[in-house]
Amino acid sequence: MKAENQNKQLRVLYVEDSRVDLELVKNILEEDFDLNLVSVEDKAGYLQTLENSKEFDLILSDYNLPDFNAIEALRIANQWVSDIPFICISGTIGEEKAVDLLKDGAVDYVLKDRMGRLVPSIKRALKGAEEKRNLELAQKKLRERNQELLIAKQKAEESDRLKSVFLSNMSHEIRTPLNGILGFSELLIQATDSLKKNKYVSTIQDSCEQLMHIIDSIVDISIIEADQVQIHKENVEIGKVFTYVASVLQPEFRKKGVLLSQGRTSENLTYLITDERKLIQIFINLIRNSLKFTQQGYVEYGFQESELGVVFYVEDTGIGIAPENQKMIFERFRQVDEGNTRTFGGAGLGLAISKSFVTKMGGEIWLESTPGEGSTFYFSIPLD
Ligand code: ADP
């Protein structure tokens with residue numbers, strides 16, 4: 001009999017003022033359990049013991065005690081250790097008190113002249129307590145799972161909403177250059193003036209380039225989503241990257257009347273081991289954004305060394321970004337100016353793509369901005 005319960009100690013707190021009864025109960029329990037019994041004989045001892053440790057599997061209590069009784073002991077237990085089963089062991093106390101005990105949550109009431117009931121009663125109580133614990137654990141897990149599902153649902157709804165905004169932006173973004181191409185080709189066919197012809201061709205070329213950017217962004221974001229981004233490291237001459245980026249973007253700056261200039265660099269650092277194409281793409285994304293959100297003033301780019309490696313920057317005198325939007329604009333499909341109220345074009349992909357590339361290259365991307373004054377975007381590339 002003892003063997004089945006021996007693998008686990010039974011930690012009992014027993015409130016009893018009679019030494020004889022204490023010994024009797026102890027002997028009975030030792031027959032069946034690997035017993036670890038703490039006994040107390042009055043209220044002070046009971047409170048003190050519970051204060052020191054709540055690690056009991058069971059509380060047993062005589063009914064009549066010197067300065068309190070089992071009902072009071074039970075109520076204290078209910079407040080402090082409500083999950084520990086409580087059994088009253090007593091001489092006859094009358095039906096009323098016994099019912100009170102059970103009403104207050106005692107698991108059982110065992111008469112001292114029927115001690116044969118004690119062990120089965122304890123086993124039932126322990127089983128019940130374990131089932132209650134398991135149930136509570138299952139309920140807790142269920143609540144956590146529900147919470148997770150709720151968050152996942154909210155995320156899915158948000159992502160669904162963002163994708164709808166993205167699709168409507170996208171169709172606008174694609175339609176605008178396509179209309180440009182169609183409309184100006186029509187004009188080109190009819191035009192006779194060679195000056196006008198040149199202007200139409202140049203508009204068609206701009207529209208084609210816009211379309212190319214959109215398609216490139218879509219391809220990039222799908223590569224990122226499939227986690228297929230690959231970094232090809234090589235020895236990159238920073239000055240050459242700057243020259244190339246400036247040559248690609250200068251015409252767009254000239255057209256808008258915004259100045260593009262190279263700022264701080266370091267004479268000691270001219271080469272960097274990194275992915276040149278991705279570095280160029282990040283730069284072009286950031287500088288194009290700066291141009292898009294800057295009506296007058298300048299956009300300056302450069303780099304400096306820091307403990308993060310090389311920190312590149314793109315600074316503008318544009319509209320700036322409110323602090324509450326500064327984090328979310330790096331998420332895909334996110335724009336400060338969403339939906340129908342959009343004043344600036346774009347698909348909300350550029351910063352998400354840049355962030356993903358920078359992270360893959362081992363760096364970080366962040367920004368500082370004051371609405372109405374401008375923004376500076378930074379990204380770091382570690383020095384290998
Ligand atoms: P988009 O194609 O819409 O420009 P991005 O991911 O590149 O997508 O940028 C997300 C949003 O971040 C932009 O729509 C804009 O609201 C904001 N943003 C990005 N760069 C700047 C900047 N230099 N100045 C002000 N706002 C910016």
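One-based numbering along the sequence shown. Every number for a ligand or one of its atoms is a count from 1 in the order of the listing.
Contact record, A191 with K197: O-CE, 3.2 Å, taken as the closest heavy-atom pair.
Residue contacts with ligand 1 leave out F330, since none of its heavy atoms falls under 4.0 Å from the ligand. G318 does not count as a contact of ligand 1, since none of its heavy atoms falls under 4.0 Å from the ligand. The closest approach between any non-hydrogen atom of R288 and ligand 1 is not below 4.0 Å.
Ligand 1 places these atoms under 4.0 Å from at least one heavy atom of S375: 24 (N). Numbered from 1 in the order shown, with element, the atoms of ligand 1 that lie under 4.0 Å from a heavy atom of S290 read 23 (N). Set against the non-hydrogen atoms of L349, the atoms of ligand 1 under 4.0 Å away are 6 (O), 8 (O). For ligand 1, the atoms lying closer than 4.0 Å to a non-hydrogen atom of G350 are 5 (P), 6 (O), 7 (O), 8 (O). Taking a cut-off of under 4.0 Å to the non-hydrogen atoms of K292, the atoms of ligand 1 that pass are 1 (P), 2 (O), 4 (O).
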Side-chain donor-acceptor pairs of residues 363-370 under 3.5 Å, sequence neighbours excluded:
unit_1	atom_1	unit_2	atom_2	d
E368	OE1	Y378	OH	3.2
S369	OG	I321	N	2.8
S369	OG	G374	O	3.1
S369	OG	S375	OG	3.0

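Look at E16 and K26 and you find no salt bridge, because none of the NZ, NE, NH1 or NH2 atoms lies under 4.0 Å from a carboxylate O. Salt bridge annotation for D227-K360: present, with a cationic side-chain nitrogen under 4.0 angstrom from a carboxylate oxygen. Between D104 and R75 a salt bridge is recorded (basic side-chain N to carboxylate O distance below 4.0 Å). Salt bridge status for K255 with E252: absent, with no side-chain N to carboxylate O gap under 4.0 Å.
Taking only nitrogen or oxygen atoms, main chain and side chain alike, F293 does not reach within less than 3.5 Å of ligand 1. Any N or O atom pair closer than 3.5 Å counts here, and G348 shares at least one such pair with ligand 1. Geometrically, ligand 1 and L351 share a nitrogen or oxygen pair separated by less than 3.5 Å.
Under the ring-ring contact (aromatic ring centres under 6.0 Å, His included) criterion, the residue pairs touching residues 299-322 are F242-Y301, F283-F312, F303-F312, F312-F379, with sequence neighbours excluded.
Each of L22, L65, D62 was evaluated against V15; a single residue qualifies, L65, per the side-chain contact (heavy atoms from CB on, under 4.5 Å) test.
Of all the heavy atoms of D316, the ones lying under 4.0 Å from any atom of ligand 1 belong exclusively to the side chain.
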